[in-house]
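Order of the sequence lines sets the chain letters (A, B, ...), proteins ahead of strands, with each chain counted from 1. Note that this is a predicted model, so its numbers are computed, not measured.
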Amino acid sequence: MPILPASHTGRLDLKRRLPPFVLGFLSLALQIVLLREFFVHFQGNEMTYGLLLASWLFWGGLGSLLAHRLKVSSGRLSNLFCLVLILSPACLAGLRLSRLALGILPTELTGPSAMSAFALALTLLVSFPLGLLFVSAVRARGGDAAFVYSMESLGAAAGGLAVHFLLVPHLSNWQVAGLVGLAAWTAVFFFGSGKPHVWLRAGAALAPVLLFFGDAPTQRLFWKPLALVATRDTPYGKLQVVGAGSEVTLYVNAVPVFSSGDAAEAEEAVHFALLQRPRPENVLLLGGGAGGGIEEALKHPGGILDYVELDPEIIRLSERILPPEKTAVFLNPRVSIHYRDGRAYLAETPKRYDAILLNLPEPSTAQLNRYYTLEFFQSAARRLAPDGVLSFRIPSSEIYISPARARYLASLRSTLSAVFPETAVVPGTSNIFLASRAPLSLDAEALSREGERRGLRTTYVRRELLEDRLNPMRVEFLRRSIDAEPARINTDLVPLCYYYANTMWAAHFSGPESRLLEFLSRAPRGPLVGLPLILGLLVFLFLRLRASRRTALLAPLALLGFSGIAVEVFVVLRFQTLYGAAYGSVALLLAFFMAGLGIGSRLSRSPIRASRKGLLLCQAALTAFPGLAVLFLPFRAPKIVLFLALFLYGAAGGAFFVQANRLTILKEKDHGTGYGLDLLGSFLGAAAVSTVFLPLAGLMPTALLLLGLNLIAFLFLSSLPERSSSRTALSRP
Amino acid sequence: MKRRTFFQTAAGAGLALGTNAAPLLTHLDAFSDPGRLSHVEARHYVKLPDREIECRLCPRNCRLGDKERGYCGVRENVGGVYHTLVYAKVCALNNDPIEKKPFFHFLPGTSALSLATAGCNVNCKFCQNWEISQVRPEQVRNIDLPPRDAADLALRHRSPSIAYTYSEPVVFFEYMMDTAAVSRSRGLRNVVVTGGYINPEPLAELLRAVDAVKVDLKGFNEKFYAEYVRGRLGPVLEAIKLIARSRTWLEIVYLVIPGLNDDRDEIRRMSRWLVREAGPDVPLHFSRFHPMYLMKNLPSTPLSTLESARSVALSEGLRYVYIGNVPGHEAENTVCPSCGRVVIRRVGFQVKDNELQSGRCRFCRHPIPGVWT
């Protein structure tokens, strides 16, 4: 087994430390870029993230497990680095341009099956060689998997922070990948062991250049037959302005936010609510202002308007692309623009409003779902005047309400009703939800008369259309359609509507996945959580009775991966619901987790004997986290607690990883086994927890599930007979 | 069934009923429970050896073995006998202004009892009603509405016509034909809103039974039909020619989708073809595309594109060219081609003024083609 000589590159010992650090840095940076691009390409949500992450982890795990069979040696380290750098533009270009080959329109909806196929195909290109790279790096370190794991985790922590805070605010996704690739190439070239093949070296040097300069042309190609007018990557997403004829449409993450010539959505978002009260003096508009929301609200005489927008770039870009008469509203003295998270604004403002107009997309992501929960509605109710009105709109169908849609609408309505005594839903291709403590009206004549009294000049919300739309029978049948389905309340801890919205998305496609989502949406919560628990129990029982000691000690690594990813998602979701938009904070949270992993595994590498007791201690710490989550979930945890919790969980996980590896890795072929199992467990966690358990069962049952599984693992480990282990090459410092 | 029970049933089925609630509410007992799929023998098919059949209803001419369904998903070969599964199985029911279909030259200002079953024989990526058209009948909740009851409902609802619409009426051909026959015998008119993807023989039969047909012409090149509609343009054009030569009133809708079918030359060719094959008096509606179904993230159609399309069609000699889905636009009005005065003024789905007298312009007596009474 080749063991590297001690440092030749000075006190920092770069030759030893850099490859695994670069591996972690590159791996997480590429993962973030691919996630962002994938998210945009498929107009995604956390389920999309889950799918891509799961595929990424799957191939990484498989790469590690198969490395021995593929005869990956330490000498291939530099070649593998170059291969990853060459394949990363192929992966990104494949994602962006595949629609041309497949005859798919830009932004055309893609079903879960096709999306999974894409995710698997694309991540194979990059993640599989990264998995091989890990094993190669371990072998370059003489089999010291713990060291590589530790440095890789620290590299990942640094990569996450650098990408989010230094690169994304200034560069496009492709440029970020290009720059990171260039840095990795430099590191490998100057500090890596062994010279890569000349063609690989040249290819790897060319790849970042392609990424840097290929971004804009490929984006234009992507949008054909429409014309891409402008594009920006901001920390909040990808903004793209697309021209069609004389009008422009602004897309955020490939979802249209507004078209310059179409006022339908803005009119609906504003007027149904503002016409409810004779003099709406103080109005709060959350989102969609640049798309006409402000303009429509200002048509109502008098009063002031607070407009909350998360991404300042949306306003800046709008000022560039819209005619001056449309953007003049931003400077109107009646308007105050606040650049921040709407939920955080609402929680902190002392003002009281006559109307709060929620003008955001439907709750198709967990991030957006925060604006449709019981807690948000309660927060809105506190800031509303006694007869104030809250409104939002949800895409729907005018002629037919399917049971799945009815369930979704019913959940929204019952959540509103839990806070407001009066609710009303406007029928149509969009359903406008209205809520108040005072009576509401869906009388077409009364609303039309009020609109005419105020001299509103509107295209869609007008007498001639309202009479058909607000026909009492339509209103009544919509109400009864909604009533026909059982309603569950959407909360921060059980973000149901996010799942229902995804069921509606899956219903666009006739594959089995839409039926599965539909089936699960009806499933009771008990079995949803109970079955995996029983399954986990059976697996550990089987292992206890049949498996070798080595296998038994490695198996919990899969659970570590599963729990690790679940805990990450869990904390991020909780952080978002408590503290508003957490884009930067998400990176920071994950960096704390990775840093914990790195430091935990580093500390656990001390040359003392690895023991089952040490493993048990780590498992106890891993079990404590969901236990504490169960206890403290109902309370508002301070930010620092969440950061520390992730760090400590990461540290316990890192220590566990090293202990398990030290107890089991005796042969060269085992170098990738632990890492592979960890990633495969993470794959399962990403696929199941973020997409099904958290939205359907909620945070508390998911914490209980994690607690149960980890308790079983603890009992399992403590039931194994104690046997001293020999120090292996792994423990060599 | 008690009225309350019906409400629960119909609400579960997601049905929405439109205007004039009172008469409807008092006669809802006519409905029966939502039931199983129908097994009424279909028309327009041929039996083949080995219990195979070939459907001859639409240009797909599906050849099916036992227990197989056609492309539409609502017609099934049961032991060598072809069945329609959606006879009287209604999943969407409204009372809509006829302008909403849109028909602008057919009984303006009236309502039409509008109904649909599940299923469609094409698969447009921009379908407005995909939740009923792109599914099988067992995936939606249906109520039984036999032809006689449909006619009853329309009469009690004071709707002078029944519209077969929303999904694709061709796939519920048998139900449509029987309902049209019953309702015509009771003084009602029948209108069909279709993609026009139907074989000549059943179409000829249909034209004898109904009073007006609106064809959605989705584009004017075969590539567009193949890629975005999953059908062929040729049979649709043949259908339009056949309807234009019949005594049944014809209107055409062209949904303009930015970047996909808004090319001025294509619209010019389409307009010329219409003038030649259907005559200059056929009303043509350029409708604004609102993002839907698989294309829900495309931009909606710019107004200037619609106006440009309209000016091309007018310049090619079509006399009645409208813009749809843009309420309040002047191109919603019917203008007398002789004196240039507005003879029917519309906003949205409402007729504000009707200056026609016996089908003629009140100002210059020029005849305006259509079915006005």
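Neither the backbone nor the side chain of A:Ala227 comes within less than 4.5 Å of any heavy atom in chain B. Using a 4.5 Å cut-off between heavy atoms, B:Asn325 touches chain A through its backbone atoms (N, CA, C, O) alone. Only the side chain of A:Phe509 comes within contact range of chain B, judged by heavy atoms closer than 4.5 Å. For chain A, the nearby part of B:Thr305 is the side chain; its heavy atoms alone come within less than 4.5 Å. Neither the backbone nor the side chain of A:Ala406 comes within less than 4.5 Å of any heavy atom in chain B. Neither the backbone nor the side chain of B:Glu227 comes within contact range of chain A; no heavy atom of the residue lies under 4.5 Å from a heavy atom of that chain. Heavy atoms of B:His329 lying under 4.5 Å from chain A are absent altogether. Contacts between A:Thr110 and chain B at a heavy-atom distance below 4.5 Å are absent for every atom of the residue. If you measure heavy-atom distances from A:Ser259 to chain B, the contacts under 4.5 Å come from the side chain alone. Interface remark: A:Thr249 contributes side-chain atoms only to the contact with chain B (heavy atom separation under 4.5 Å). Neither the backbone nor the side chain of B:Arg136 comes within contact range of chain A, judged by heavy atoms closer than 4.5 Å. Neither the backbone nor the side chain of A:Arg479 comes within less than 4.5 Å of any heavy atom of chain B.
In summary, the side chains of B:Thr334 and B:Tyr322 do present a donor paired with an acceptor at a separation below 3.5 Å, with no hydrogens or angles considered. There is no side-chain donor-acceptor pair under 3.5 Å between B:Asn297 and A:Thr107.
A cation-pi geometry, defined here as NZ or CZ lying under 6.0 Å from the six-membered ring centre and within 45° of its normal, does not hold between B:Arg230 and B:Tyr225. Geometrically, A:Arg99 engages A:Phe222 in a cation-pi contact defined by less than 6.0 Å to the ring centre and at most 45° from the axis.
Here the side chains of B:Phe104 and B:Arg346 are in contact, with some heavy-atom distance below 4.5 Å. For the pair B:Val229/B:Phe224, a side-chain contact is recorded, criterion being any heavy-atom separation below 4.5 Å from C-beta on. Between A:Trp505 and A:Tyr500 the shortest side-chain heavy-atom distance does not fall below 4.5 Å.
Among the candidates B:Pro299, B:Pro291, B:Ser304, the residue making the largest number of heavy-atom pairs closer than 4.5 Å to chain A is B:Pro299. Note: A:Ala507 leads A:Gly103, A:Ala507, A:Ser397, A:Ala404 in heavy-atom pairs under 4.5 Å with chain B. Of all the listed residues (A:Pro256, A:Pro225, A:Ser260), the one sharing the greatest number of non-hydrogen pairs under 4.5 Å with chain B is A:Pro256. Contact count against chain A (heavy-atom pairs under 4.5 Å) is highest for B:Pro302 among B:Ser114, B:Gly348, B:Pro302. Ranked by heavy-atom pairs under 4.5 Å with chain A, the list B:Met292, B:Gln134, B:Lys100 is led by B:Lys100. Per-residue heavy-atom pair counts under 4.5 Å with chain B were compared for A:Gly245, A:Ala264, A:Gly261, A:Ser246, and the maximum is reached by A:Ser246. Interface summary for chain B: among A:Ile104, A:Leu105, A:Leu226, the most heavy-atom pairs under 4.5 angstrom belong to A:Leu105.
Electrostatic pairing of A:Glu247 and B:Arg288 counts as a salt bridge here, judged by a charged N lying under 4.0 Å from a carboxylate O. Using a 4.0 Å cut-off between a side-chain N of Lys or Arg and a carboxylate O of Asp or Glu, A:Arg393 and A:Glu362 do not qualify as a salt bridge.
Separation of atoms CG (B:Leu255) and NE2 (B:His290) is listed at 9.5 Å; rounding is to 0.5 Å.
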Go through B:Tyr166 and B:Asp96 one step at a time and tell me if the side chain to side chain contact (heavy atoms under 4.5 Å, CB included) criterion holds.
-> CA-CA 11 Å; B:Tyr166 302 137; B:Asp96 287 337; 2.6 Å; yes
Would you sort out whether A:His41 and A:Met115 count as a side chain to side chain contact (heavy atoms under 4.5 Å, CB included), showing the intermediate values?
-> CA-CA 10 Å; A:His41 194 87; A:Met115 194 188 289; over 6 Å; no
